[in-house]
Amino acid sequence: MQYLPNIVFALLLIGGVGFFIQNIRKLKRNIHLGKAIDRSDQKKERWSNMFKIALGQSKMVRRPVSGFLHIIVYVGFIIINIEVLEIILDGLLGTHRLFLGLLGSAFYSFLIGVFEVLAFLVLVSVIVFWARRNVLRIKRFWYKEMTAWPKNDGNIILYFEMVLMSLFLLMNATDIHFQEINIGNTISQYISPLFANLSEGTNHVIERTAWWIHIVGILAFLNYLYYSKHLHILLAFPNTFYANLKPKGQFANNATVTKEVQTMMDPNADPYAVPEEPEGEPEKFGASDVTDLNWVQLMNAYTCTECGRCSSVCPANQTGKELSPRAIMMKTRDRVEEVGKNIDANKGEFKEDGKQLLNDYISPEELWACTSCNACVEECPVNIDPLSIIMDMRQYLVMEQSAAPQELNTMMGNIENNGAPWPYNQMDRLNWKDE
Amino acid sequence: MNVPTMAELTAQGKQPDVLFWVGCAGSFDDRAKKITKAFVKILTHAKVNFAVLGTEESCTGDPAKRSGNEFLFQMQAMTNIEVLNAYDVKKIVTACPHCFNTIKNEYPELGGSYEVMHHTQFLKTLLDEGKISIEGGSYKGKKITFHDPCYLGRANDVYEAPRELIRKLEVELIEMKRCKINGLCCGAGGAQMFKDAEKGNKEVNVLRTEDALEIKPDIIATGCPFCNTMMTDGVKNKEKEDDVQVMDIAEMIANAQDL
């Protein structure tokens, strides 16, 4: 019976980590529902981007207040995880503060001292984050795509972090031996007097309870990630690594179209030749569903943490149009999730559900409002590219459905007939020199 | 105005150093034609050996591609590339950031690789090489702000060339609260120029003009014919056309040197 806590702990750990791994597999599978795209070139630049943008948070601090607070939470999150290692080992081995003996009291006190300060700073930052969302009601957190779930999701994450940090400080404050040796209790020494009137036994019960809820909370939070916008803490790294490195103005040329146009323009081509029957289904132009997008675009959707910086700089969004680049990412993720669940429910095969990303999630009105200005792409702290999705979907609308707005059809007709978007004769192109 | 075409030069057995890609706006839009002429005046004054394609030039395909018509875009691109390659063009300069972006970034994969410069970059090199000199003239002391075209700035990271030229005009260069990487679009990109805006509560060009008017410039400088149109309309919308001018950098340089 004396090993019961160790066994319970081990089972919790295996369950928590196991379920998480299972979801990560699902995540990977869903991302790879997207088409292949080669982003394995320029490794050096990719690593450097990952270090600068994901690890170094270089784009976060463009907005200094939220950027600074975010760095505190981020650094705190990473460093405090060292303490989680001790907690896990203690839990498995039935020890208490294993590292105190292993590392020596001087170093241990330094570590825990830093953890406590960080935990306190994280707690304060997270409270400020909460206030920015709920009291100051910063506009981008209240755009119309921030419906019940996205709004709750944002707050739940903050509550999680508040509770975890508080429990960490509480378990240290009520650890009587830890307070007695008086090392590393930089913050908890100010909390422990609150419990001074309680008996040693009660303190111990509080300490144990806090310890257990803390680790269970961490496992719960880990598993919450997959269901939440908070996946960015993991995906920010691959997302910045695989992001587009070409100039932002360079849109991909569709290779299938290139082949067709080349054949059309080849003077040696036999005009009466029977066209080669392409094998399988003819290639579809553009994207009407998530499976038409590439895997980087789908990873983008899972990486998005819905901060809304993209939409707050979008010219269309700022002038009251339907388009919100953040909503493009959120809707893409919702649809991939739906497709993934469909596959799970149908033994690994997608069963036609009569829905698609276009119309059922993203309306043509949103797509046509984009000015392709790249502000959203530039702004994203983790290099998500909503514009590429918009352009792929426009391509589907025009090339598969001929569903461009009438004025654009006129413009394209002009280009086709006279080589300019306006109805002027190509022969008049040089008239300006004599005017 | 003496503007040699590639066809004429080739007939004379000559090859220009640089092709001036005029673009559709520069060829047909009344306001943009003034920019084209101003730029040609500077080229001529600097004795640049240039030519235009004239009637052999055709839309780059940018608005078609951004509308989703990849087929039309590639048809345009490959036709243009055939012409450019036939004349063995090596270097292209254009006063339109959309043409600049498309030819520079999207043509190489389709067989057209050239050194492509925006006219502000080209003017900057002329200045550095001592082929032109820029003095303030009537612009001296004026407050000027530069509106970054998306397809020059964010799309291709060109922010400094236009600003260095403006500073040479002995003016006070003032920046809007959103500039450079944070610059706000004029509303014309992505083929929006050719259609009405979707339902909303404001026009993008009006919002951008408000950014500019907030810092009370004498002149809003642009480097794109479409931005020029949008900002000019925005200033009119705010009934400020008597106080604020919208000018391309090439026009200011040509005017300042009395070309």
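Chain naming here is simple, since letters A, B, ... match the order of the sequence lines and numbering starts at 1 in each.
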Can you tell which of [options] has the highest number of heavy-atom pairs within less than 4.5 Å of chain A?
options	answer
B/Gly61, B/Cys185, B/Gly153	B/Cys185
B/Glu82, B/Met75, B/Lys195, B/Lys199	B/Lys195
B/Cys150, B/Pro149, B/Ala191, B/Cys59	B/Cys59
B/Thr60, B/Asp196, B/Thr102	B/Asp196
B/Met1, B/Gln192, B/Lys104, B/Arg154	B/Arg154
B/Ala188, B/Pro63, B/Ala64	B/Pro63

Going by atom types alone, do [X] and [Y] pair a side-chain donor with an acceptor below 3.5 Å?
X	Y	result
A/Arg309	A/Ser66	yes
B/Lys14	B/Asn49	no
A/Asn317	A/Glu322	no
B/His147	B/Asp211	no
A/Gln250	B/Asn101	no
A/Ser372	B/Tyr151	yes
B/Asp148	B/Asn182	no
B/Asn85	B/Tyr114	yes
A/Thr319	B/Arg208	no
A/Asn49	A/Asn383	no

Checking heavy atoms, do the side chain of [X], its backbone, both or neither come under 4.5 Å from chain B?
X	value
A/Trp368	both
A/Ala375	both
A/Glu435	both
A/Met393	neither
A/Pro405	side chain
A/Asp428	both

Residue part contacting chain A, namely of [X], when any heavy atom lies under 4.5 Å:
X	answer
B/Glu56	backbone
B/Ile181	both
B/Asn80	neither
B/Val204	both
B/Ala77	neither
B/Val22	side chain
B/Gln76	side chain
B/Thr5	side chain
B/Arg178	side chain
B/Gln74	both
B/Asn69	both
B/Lys33	side chain

What residues of residues 407-417 of chain A sit under 4.5 Å from chain B when you count only heavy atoms?
A/Glu407, A/Leu408, A/Met411, A/Met412, A/Ile415, A/Glu416
Has B/Lys47 got more than 12 heavy atoms of other residues, nucleotides or ligands less than 6.0 Å from its NZ?
no
Count the heavy atoms of every other residue, nucleotide or ligand shown that sit under 6.0 Å from NZ of A/Lys35, and state whether that count exceeds 12.
yes
Derivation and outcome, salt bridge (Lys or Arg N to Asp or Glu O under 4.0 Å), residues B/Glu198 and A/Lys321:
CA-CA 6 Å; B/Glu198 272 56 38; A/Lys321 316 289 194 293; over 6 Å; no
Could you check whether B/Phe20 and B/Phe39 have their ring centres less than 6.0 Å apart?
yes
Locate the shortest heavy-atom distance separating B/Phe194 from A/Pro421; write the atom from each residue and the value.
CE2-CB, 3.4 Å
Going by an N to O cut-off under 4.0 Å, is there a salt bridge joining [X] and [Y]?
X	Y	answer
B/Arg31	B/Glu251	yes
B/Glu214	B/Lys177	yes
A/Arg394	B/Glu70	no

Do any N or O atoms from the side chain of A/Asn244 and from the backbone of A/Lys248 form a donor-acceptor pair under 3.5 angstrom?
no
So which of [options] has the largest heavy-atom pair count under 4.5 angstrom toward chain B?
options	answer
A/Asp434, A/Thr371, A/Val398	A/Thr371
A/Asn253, A/Thr258, A/Thr256, A/Val261	A/Asn253
A/Glu260, A/Met391, A/Met265, A/Lys246	A/Met265
A/Gln318, A/Glu366, A/Gln426	A/Gln426

Cation-pi, A/Tyr242 ring and A/Arg46 (6.0 angstrom, 45 degrees):
no
